[in-house]
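The basis for the numbers below is simple: all heavy atoms, side chains too, and nothing from hydrogens, waters or symmetry mates.
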Amino acid sequence: MYSWYQNSQNQTSNADFILVGLFGETRHSILLYTVVFIFFLMALAGNTLLLILIHVEPRLHTPMYFFISQLSLMDLMYISVTVPKMLMSQVTGDQTISPSGCGIQMFFYLTLAGAESFLLSAMAYDRYAAICRPLHYPLLMNQRVCECLVSGCWFLGMVDGLLLTPITMSFAFCHSRKVLSFFCEVPALLKLSCSDISLYKMLMYLCCVLMLLIPTMVISSSYVLILHLIHRINSTKGHRKAFATCSSHMIVVLLFFGAGIYTYMLPGSYHTVEQDMIVSAFYTIITPVLNPVIYSLHNKDVTGALRSRM
């Protein structure tokens with residue numbers, strides 16, 4: 001009896017997962033997936049263009065644009081981890097994903113999400129140093145410091161991925177293998193587990209505190225200091241310049257952290273499966289599309305560099 005149960009558990013753990021997709025059995029799924037494909041191409045084109053422009057344009061070789069180039073790289077990888085698999089499943093009709101494929105997708109997603117949250121806090125510190133400590137800025141944000149900050153962001157993101165992915169994939173999934181999401185997201189997979197995950201949920205919540213609340217505190221503190229300085233500036237031109245410098249970053253922060261806190265820190269009773277998928281689509285598909293648009297349209301240096309290269 002025990003050997004039969006163990007064999008059934010092994011078969012269950014090795015079975016493929018089924019991703020339900022973003023739109024399920026909607027009648028207009030072809031049209032909707034075509035829109036997603038267009039968004040995917042826009043994200044690839046926008047972020048690639050921003051990366052190339054920052055690399056080739058000397059006037060953009062500053063700490064702020066170095067961080068923006070890293071953000072574009074993360075967004076490129078971010079959308080490439082989830083969307084191609086979803087679109088291929090729609091084309092081929094095969095919605096399955098192997099446990100190893102699911103684990104790889106989850107690891108890259110967690111790594112990139114964690115790295116981006118810390119990168120946004122590093123970008124807020126850079127804006128604080130540029131506006132509030134202009135005389136010390138070349139020392140505070142020299143090339144070595146910027147490289148160390150970015151390396152730290154990638155390292156902390158990888159720690160998040162390496163910590164949560166193996167634990168999540170080690171649970172027994174003895175219920176339905178149908179993942180109510182369009183990619184292997186931790187909360188969606190945990191709903192399939194028949195193991196005791198109460199301790200793991202506490203660990204995941206602590207990780208979310210580190211990955212979301214700590215960067216949020218750093219960003220909030222930076223902008224409180226910036227706003228305090230702006231309030232003391234009598235020059236209208238100075239006000240506009242300071243707001244122009246920070247507005248793009250504040251928009252990106254609100255989009256990214258708002259969606260992340262909603263998904264990972266609010267109790268499950270506060271949101272439905274449908275709402276979870278909409279929010280997941282927002283920060284995995286829409287945000288990578290919006291980021292290059294926000295940073296290009298709200299930035300005279302980028303638009304000027306783009307015109308000079310055309």
Examine distances only and state if a side-chain atom of [X] and a backbone atom of [Y] form a donor-acceptor pair shorter than 3.5 Å.
X: Ser193; Y: Phe173; result: no
X: Ser170; Y: Ile167; result: yes
X: Asn142; Y: Leu139; result: yes
X: Thr165; Y: Gly103; result: no
X: Gln105; Y: Val81; result: yes

Let me know which of Leu156, Leu163, Leu164, Leu162 forms a side-chain contact (heavy atoms from CB on, under 4.5 Å) with Asp160.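 Exactly one option meets the side-chain contact (heavy atoms from CB on, under 4.5 Å) with Asp160, and it is Leu164.
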Group every Ile, Leu, Val, Met, Phe, Trp and Tyr by side-chain heavy-atom contacts under 4.5 Å, then state whether [X] and [Y] land in the same group.
X: Ile286; Y: Ile38; value: yes
X: Leu32; Y: Phe182; value: yes
X: Leu290; Y: Ile278; value: no
X: Ile18; Y: Phe183; value: no
X: Val218; Y: Met123; value: no

Is there a side-chain contact between [X] and [Y] (heavy atoms, below 4.5 Å)?
X: Pro84; Y: Phe40; value: yes
X: Cys102; Y: Val179; value: no
X: Trp154; Y: Leu112; value: yes
X: Met106; Y: Val186; value: yes
X: Met169; Y: Leu189; value: yes
X: Cys184; Y: Leu19; value: yes
X: Met74; Y: Asn47; value: no
X: Val20; Y: Gln95; value: no

Give me the atom names and distance for the closest heavy-atom approach of [X] to [Y].
X: Ser80; Y: Leu44; value: OG-CD2, 4.0 Å
X: Gly161; Y: Pro166; value: O-CD, 3.9 Å
X: Ile197; Y: Leu190; value: CD1-O, 3.8 Å
X: Ser181; Y: Ala188; value: CB-CB, 4.0 Å
X: Ala43; Y: Ile79; value: CB-CD1, 3.6 Å
X: Cys146; Y: Pro63; value: SG-CB, 3.5 Å

Rounded to the nearest 0.5 Å, how far apart are [atom1] of [X] and [atom2] of [Y]?
X: Ser98; Y: Ile104; atom1: OG; atom2: CD1; value: 7.0 Å
X: Leu51; Y: Asp75; atom1: CG; atom2: CG; value: 9.5 Å
X: Leu50; Y: Leu71; atom1: CG; atom2: CG; value: 8.5 Å
X: Thr82; Y: Glu185; atom1: OG1; atom2: CD; value: 10.0 Å
X: Ser89; Y: Ile97; atom1: OG; atom2: CD1; value: 7.5 Å
X: Thr111; Y: Tyr78; atom1: OG1; atom2: OH; value: 11.0 Å

Kindly indicate, with the supporting measurements, whether the criterion side-chain contact (heavy atoms from CB on, under 4.5 Å) is fulfilled by Tyr65 and Leu53. CA-CA 10 Å; Tyr65 294 109; Leu53 194 63; over 6 Å; no
Can you list everything that forms a ring-ring contact (aromatic ring centres under 6.0 Å, His included) with Tyr200? Sequence neighbours excluded, please.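 Per chain and number, Tyr200 pairs via ring-ring contact (aromatic ring centres under 6.0 Å, His included) with Phe171.
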So does [X] have more than 12 non-hydrogen atoms from other groups sitting under 6.0 Å from [atom1]?
X: Phe108; atom1: CZ; value: no
X: Tyr137; atom1: OH; value: yes
X: Met158; atom1: CE; value: no
X: Leu206; atom1: CG; value: yes

Could you walk me through whether Ile226 and Cys132 pass the side-chain contact (heavy atoms from CB on, under 4.5 Å) check? CA-CA 6 Å; Ile226 290 171; Cys132 299; 4.1 Å; yes
Verdict with supporting geometry, Asp126 and Leu149, side-chain contact (heavy atoms from CB on, under 4.5 Å): CA-CA 10 Å; Asp126 172 66; Leu149 284 172; over 6 Å; no
How far apart are the C-alpha atoms of Val91 and Tyr33, what are their side-chain angles, what is the distance that settles it, and do they pass the side-chain contact (heavy atoms from CB on, under 4.5 Å) test? CA-CA 10 Å; Val91 172; Tyr33 280 111; over 6 Å; no
So His55 and His61, would you call those rings parallel, tilted or perpendicular, with 30° and 60° as cut-offs?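 It falls in the tilted class, 30° to 60°.
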